[in-house]
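First up is the structure itself, then whatever we jot down about it.
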Amino acid sequence: MTTVCLTDAEAKTWPQLNVQLTTHLAALDATVKHLNEITSYSAVNLERQVKNLSLRHGAVPEAEEHAKFPCTLIPFQQNDKFYGREAEMKKIINHLSPKEDTNELRTYTIYGRRGVGKTEIALQYVYENPSGFDAIFWIQCETSVSIRQSFTDVAVALNLPGADRNGKSKTQ
């Protein structure tokens with residue numbers, strides 16, 4: 001181990017050197033801070049910041065539409081012998097008609113025992129009011145296979161990328 005012996009003069013200069021180094025480092029920090037402020041408020045840097053913000057928050061181009069609208073996929077024909085049910089039809093029309101003050105999604109459920117005419121009411125509404133919708137799809141829900149096939153048919157009707165009539169994704 002080596003021991004360094006300082007003279008009295010040298011011992012007095014080290015604290016002064018330390019004070020001078022601290023002063024110079026503080027001055028350098030202030031200069032760097034000042035340069036950062038100057039460059040961050042320069043016209044070029046402000047333009048770059050505006051450009052970055054506009055790219056981050058600007059309008060994104062819409063994806064290319066693959067389908068042609070209106071698009072309707074209903075596996076049943078309209079029942080020419082449908083009659084009555086005016087009260088039910090009026091409720092559906094009032095609920096599903098577009099409202100001017102809102103763009104919220106609206107749904108309507110028809111429920112009841114088997115054989116009471118739920119399907120016929122829904123079909124009648126679809127055939128009487130097609131112009132209020134961009135797309136109308138009928139989803140069969142009896143089995144998981146029929147649901148899957150219905151959604152496959154929708155994807156094919158919309159000409160979605162990867163949709164295959166056989167129900168297999170082209171990306172698999």
Side-chain angles (χ1 to χ4, degrees), residues 32-33 35-172:
V32 169
K33 184 178 177 186
L35 285 173
N36 281 335
E37 288 174 355
I38 291 171
T39 57
S40 67
Y41 294 118
S42 69
V44 173
N45 198 27
L46 288 175
E47 288 174 14
R48 186 179 48 146
Q49 289 175 358
V50 168
K51 183 179 177 183
N52 286 340
L53 284 173
S54 66
L55 289 175
R56 227 182 298 158
H57 301 289
V60 177
E62 291 186 21
E64 178 184 336
E65 291 285 345
H66 297 282
K68 294 192 177 16
F69 293 99
C71 183
T72 304
L73 183 64
I74 305 170
F76 305 108
Q77 295 297 319
Q78 184 174 11
N79 182 353
D80 294 331
K81 297 178 182 177
F82 183 89
Y83 69 94
R85 304 293 183 105
E86 287 85 9
E88 290 88 350
M89 294 298 292
K90 188 174 182 178
K91 285 181 186 178
I92 297 170
I93 291 168
N94 287 339
H95 184 77
L96 294 180
S97 294
K99 310 289 189 267
E100 289 183 27
D101 58 342
T102 182
N103 284 335
E104 66 185 24
L105 178 65
R106 291 176 308 280
T107 60
Y108 193 88
T109 303
I110 303 172
Y111 63 94
R113 294 190 317 255
R114 186 166 38 183
V116 297
K118 299 177 298 293
T119 300
E120 294 300 325
I121 292 171
L123 286 171
Q124 189 66 21
Y125 175 79
V126 166
Y127 282 112
E128 285 183 359
N129 303 284
S131 63
F133 304 96
D134 293 327
I136 300 171
F137 303 115
W138 192 276
I139 306 298
Q140 301 282 351
C141 298
E142 289 79 23
T143 66
S144 62
V145 173
S146 65
I147 292 172
R148 184 176 292 118
Q149 186 59 50
S150 292
F151 282 113
T152 299
D153 293 343
V154 168
V156 170
L158 291 173
N159 196 23
L160 297 178
D164 182 16
R165 190 161 292 284
N166 298 323
K168 294 186 173 43
S169 172
K170 292 181 181 177
T171 57
Q172 289 179 344

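What's counted below: heavy atoms across the whole structure, side chains too, no hydrogens, waters or symmetry copies.
Around CD of Q77, the count of heavy atoms belonging to other residues, nucleotides or ligands within 6.0 Å does not exceed 12.
Note that CZ of F137 and CD1 of I74 are 10.0 Å apart. Values are rounded to the nearest 0.5 Å. The distance from atom CD1 of I139 to atom CD of Q149, rounded to the nearest 0.5 Å, is 10.5 Å. Note that CD1 of I147 and OG1 of T152 are 11.5 Å apart. Values are rounded to the nearest 0.5 Å.
T72 places no side-chain N or O within 3.5 Å of a backbone atom of I136 that could act as its donor or acceptor partner.
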Under 3.5 Å, which donor-acceptor pairs link side chains of residues 119-127 to any protein atom two or more places apart or in another chain?
residue	atom	partner	partner atom	Å
E120	OE1	N79	ND2	3.1
Q124	NE2	E128	OE2	2.7
Y127	OH	F76	O	2.4

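For R48, the side-chain hydrogen bond (donor to acceptor under 3.5 Å, both in side chains) criterion is met by N45, not counting sequence neighbours. The side-chain hydrogen bond (donor to acceptor under 3.5 Å, both in side chains) check on E88 picks up nothing, with sequence neighbours excluded.
Between W138 and P75, the shortest heavy-atom distance links the atoms CB-CD, 3.3 Å. Between G112 and K118, the shortest heavy-atom distance links the atoms O-NZ, 3.2 Å. Nearest heavy atoms, L73 versus V154: CD2-N, 3.8 Å.
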